There are 2 protein chains.
Amino acid sequence: MTPPASPRLLEHPAREEILLESVLHALSDAVRLRIVRELAAAETALSCSHFVLPVTKSTTTHHFRVLREAGVIRQDYQGTAKLNGLRREDLDALFPGLLDTVLAAAEAQSARAEDAPAGPLTATASD
Amino acid sequence: MTPPASPRLLEHPAREEILLESVLHALSDAVRLRIVRELAAAETALSCSHFVLPVTKSTTTHHFRVLREAGVIRQDYQGTAKLNGLRREDLDALFPGLLDTVLAAAEAQSARAEDAPAGPLTATASD
DNA sequence: CTCGTAGTTTGACATTCACCGTACTACGAT
DNA sequence: ATCGTAGTACGGTGAATGTCAAACTACGAG
């Protein structure tokens, strides 16, 4: 039986266990989508503390866990830090193009938001 | 005040109001994903009653509303029926390729599920 | 050994969600 | 006018979600 040898081992779903619904759900939160975008941009594993998020540490932990359990990211301990990396290969194999398309969509939406900072619901100067 | 003039008008978000997060959330439910897949396959508007779903009428109404409010489908009354159609143009304009990619991913996952009906978690004969 | 940093866990809380049953409204046919 | 069919609205319930604060665990440095 596995002794308490490795204290820091995290459970990841196998590739075949990854469900589209879970992945979409994981990506449907603004904070998590942001995390995934940064991870994709970095093209390398990043520690949790690298991210500046508008939530507390515990909430950050929660979001990373949702991403990991959905199979979107892989988390490995590296000493006291935890490295997070996108599971690109697995996702691309299961759902070809999905990740890139969502990433591109997020980019597009971001760009639109910057073009209209006040938003169409806020009076811009016509008040 | 507004008279009971048009009794059957449904609110839809304008194209620019559609949010990626909401779309992903709408698609992250199995029942709704199924609805969207049927709608995409039909390539024409379908009435709610056309769908055979494992939930009651009220829950069906709920799911269609989530899809409509997220901007995924358009609903129009046609007499006593309500026709549901995918907002392909809007979605493709906002998030190019997203809908098709998700649809393809759903197909792929479906196909995998059929290949292994018992699932990798159930002993198939090695017991 | 002690301390600080990184991250987790637990418990709480308000919100949202998926789901149901029942009562209701709109429309078309009789 | 009456009835049946399509779908909505209105509660209500149990589970999940996003959030936080506070206490805790692991690791590296001094």
Side-chain angles (χ1 to χ4, degrees), chain A residues 3-12 19 21-36 38-39 45-70 72-85, chain B residues 2-12 19-36 38-39 45-70 72-85:
Chain A
S6 26
R8 310 269 87 178
L9 272 188
L10 296 164
E11 291 211 357
H12 292 79
L19 288 178
E21 291 88 334
S22 305
V23 171
L24 294 178
H25 172 247
L27 296 176
S28 73
D29 179 273
V31 174
R32 290 193 292 260
L33 190 51
R34 184 163 151 181
I35 291 173
V36 170
E38 280 195 51
L39 241 24
L46 297 174
S47 74
C48 294
S49 54
H50 173 270
F51 295 85
V52 184
L53 300 171
V55 291
T56 65
K57 270 197 304 178
S58 20
T59 305
T60 300
T61 297
H62 162 68
H63 285 308
F64 274 105
R65 172 158 35 167
V66 171
L67 287 170
R68 171 169 48 85
E69 291 180 346
V72 178
I73 67 171
R74 164 156 283 123
Q75 299 190 289
D76 300 291
Y77 279 101
Q78 189 90 10
T80 173
K82 186 149 81 174
L83 293 188
N84 306 281
Chain B
T2 51
S6 26
R8 309 270 85 180
L9 273 188
L10 296 164
E11 292 211 355
H12 292 79
L19 289 177
L20 176 61
E21 291 89 334
S22 306
V23 171
L24 293 178
H25 173 247
L27 296 176
S28 73
D29 179 273
V31 174
R32 291 192 292 262
L33 189 53
R34 182 164 152 180
I35 291 173
V36 170
E38 279 197 51
L39 243 22
L46 297 174
S47 74
C48 295
S49 53
H50 172 270
F51 295 85
V52 184
L53 300 171
V55 292
T56 64
K57 270 200 301 179
S58 20
T59 305
T60 301
T61 297
H62 161 69
H63 284 307
F64 274 104
R65 173 157 32 169
V66 172
L67 287 170
R68 169 168 49 85
E69 292 180 346
V72 177
I73 67 171
R74 178 175 307 280
Q75 300 190 289
D76 299 292
Y77 279 101
Q78 189 90 9
T80 174
K82 185 150 82 172
L83 293 188
N84 305 280

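What you are looking at is a predicted structure, and each value in this text was computed from that prediction instead of being measured. To find a chain, count down the sequence lines: A is the first, B the second, and so on, and within it residues start at 1.
The nearest heavy atom of DNA chain D to A/Q78 and to A/V31 marks one nucleotide each, and the one closer to the 5' end goes with A/V31.
The separation between A/L10 atom CG and D/dA26 atom P is 13 Å, rounded to whole Å. Straight-line distance from the NE2 atom of B/H62 to the P atom of C/dA18: 4 Å, rounded to whole Å. In this structure, A/E11 atom CD and C/dT9 atom C1' are separated by 16 Å, rounded to whole Å. Here D/dG7 presents its C1' atom at 14 Å from CZ of B/F51, a figure rounded to the nearest Å. Following rounding to the nearest Å, A/R65 (CZ) and C/dT10 (C1') show an atom-to-atom distance of 11 Å. Atom OH in A/Y77 sits roughly 10 Å away from atom P in D/dA26 (whole-Å rounding). The nearest whole Å value for the distance from the CD1 atom in B/I35 to the C1' atom in D/dG7 is 14 Å. Atom pair A/H50:NE2 and C/dG7:P shows a separation of 12 Å (rounding to whole Å applied).
Residue B/H63 has its side chain nearest to C/dA18 when only C/dG7, D/dC20, C/dA18 are considered. The side chain of B/T80 approaches C/dA26 more closely than any other nucleotide in the set D/dG18, C/dA18, C/dA26. Comparing C/dA26, C/dC20, C/dG7 against the side chain of A/K57 picks out C/dG7 as the nearest. Side-chain proximity of A/A81 to the nucleotides D/dG7, C/dA6, C/dA18 is greatest for C/dA6. Residue A/H25 places its side chain closer to D/dT17 than to any other of C/dA26, D/dT17, D/dT19. Distance from the side chain of B/S58 is smallest to D/dC10 among D/dC10, D/dG7, D/dC20. Of the candidate nucleotides D/dT19, C/dC19, C/dT9, D/dT19 has the atom nearest to the side chain of A/V55. For A/S49, the listed nucleotide lying nearest its side chain is C/dA6; candidates were C/dT9, C/dA6, D/dT19.
No hydrogens or angles were tested; on distance alone, nothing pairs the side chain of A/S47 with the base of C/dA6 as donor and acceptor under 3.5 Å.
Taken to the nearest 0.5 Å, the CZ atom of A/F64 stands 12.0 Å off from the CG atom of A/L10. Taking CG of A/D29 as the reference point, atom NE2 of B/H25 lies at 10.5 Å (rounded to 0.5 Å).
An OP1 or OP2 oxygen of D/dC20 is reached within less than 4.0 angstrom by a side-chain nitrogen or oxygen of A/T56.
At distances below 3.5 Å, not a single donor-acceptor pair connects side-chain atoms of A/N84 with backbone N or O atoms of A/Q75.
Between A/L27 and B/L24 the shortest heavy-atom distance is O-CD1, 3.5 Å.
Taking the side chain as every heavy atom from C-beta outward, A/H63 and A/L67 never approach each other to under 4.5 Å.
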